[in-house]
Amino acid sequence: MEYAFLLVIALLIILPSFMTMRKQKEHQNKLRNLQENLAPGQEVITAGGMHGTVVATTEGDVQLQIAQGVVATFDKMAIVRTVEAEQPGEARDVDNARVADGTAEPVESVESAEDSQR
């Protein structure tokens, strides 16, 4: 009876740890795959939040165009995700998303608020 109790306790400790490690490993593999398969023209986001378009890649670096005529070199490890293309009608930011799902009211523009006061 005592051995069964110890076995259950051991499973309760080991199983969550194993599941967490497995998810982390999957995330690392996805990130590595993304970084290895960067292609020119792909829009990406760096770990620091910099948005840019891939211009060229080398084995360890990637050149991103971050503004018209401005190309910066980043380590491939800095690339954390790609920018997904927006679908037509998709909300562009948090406030628009809240308006779209009905949890917030749209805000009037400054011009229309001034017109209504006259």
Side-chain angles (χ1 to χ4, degrees):
M1 184 74 157
E2 198 171 298
Y3 294 115
F5 178 72
L6 291 176
L7 181 63
V8 169
I9 296 295
L11 283 176
L12 288 174
I13 293 171
I14 294 172
L15 191 60
S17 300
F18 175 75
M19 297 301 283
T20 302
M21 286 187 294
R22 192 169 143 216
K23 284 185 181 185
Q24 287 176 345
K25 187 82 163 169
E26 286 177 16
H27 179 71
Q28 286 174 344
N29 287 337
K30 282 183 183 179
L31 191 57
R32 186 179 309 119
N33 188 33
L34 168 77
Q35 292 165 348
E36 289 174 356
N37 296 316
L38 291 172
Q42 196 172 17
E43 293 185 27
V44 296
I45 301 173
T46 67
M50 182 76 67
H51 290 240
T53 304
V54 177
V55 175
T57 61
T58 62
E59 189 169 322
D61 297 328
V62 60
Q63 291 183 349
L64 299 180
Q65 180 176 351
I66 54 177
Q68 188 68 24
V70 179
V71 177
T73 303
F74 289 87
D75 192 65
K76 277 189 177 181
M77 298 298 289
I79 307 300
V80 293
R81 66 177 191 230
T82 60
V83 177
E84 302 298 326
E86 283 187 9
Q87 300 298 322
E90 185 177 315
R92 294 183 64 99
D93 61 344
V94 174
D95 291 331
N96 286 340
R98 291 180 55 217
V99 170
D101 71 8
T103 59
E105 294 294 320
V107 178
E108 292 183 25
S109 66
V110 173
E111 293 84 23
S112 63
E114 289 173 355
D115 291 341
S116 65
Q117 291 177 353
R118 290 183 188 167

query = For V55, what are the other residues in its hydrophobic cluster, where any two members join if their side-chain heavy atoms are less than 4.5 angstrom apart?
reply = V71
key: Result of checking L34, V62, V83, L38 against V44 for side-chain contact (heavy atoms from CB on, under 4.5 Å)   = L38
request  = Would you check if I79 and L64 make a side-chain contact, meaning some heavy-atom pair closer than 4.5 Å?
outcome  = yes
inquiry  = Please enumerate all residues that pass side-chain hydrogen bond (donor to acceptor under 3.5 Å, both in side chains) together with T73, with sequence neighbours excluded.
reply    = none
inquiry  = Under 4.5 Å between side-chain heavy atoms, counting indirect links through other Ile/Leu/Val/Met/Phe/Trp/Tyr residues: same cluster for L6 and I14 or not?
reply    = no
message = Ignoring hydrogens, what is the shortest heavy-atom contact between Q68 and Q65? Give both atom names and the distance.
response = CA-NE2, 3.6 Å
remark   = Taken to the nearest 0.5 Å, the spacing of M77 CE from L31 CG works out to 6.5 Å
ask   = Is M21 atom CE crowded by more than 12 heavy atoms from other residues, nucleotides or ligands, each under 6.0 Å away?
value = yes
Side chain to side chain donor-acceptor pair (under 3.5 Å) contacts touching residues 6-32 (sequence neighbours left out) = N29-R32
key: For L12, the rest of its hydrophobic cluster, which grows through side-chain links under 4.5 angstrom   = V8
query = Which pairs, with at least one residue in residues 36-63 and sequence neighbours excluded, count as a side chain to side chain donor-acceptor pair (under 3.5 Å)?
reply = N33-N37
remark   = Taken to the nearest 0.5 Å, the spacing of F74 CZ from I66 CD1 works out to 5.5 Å
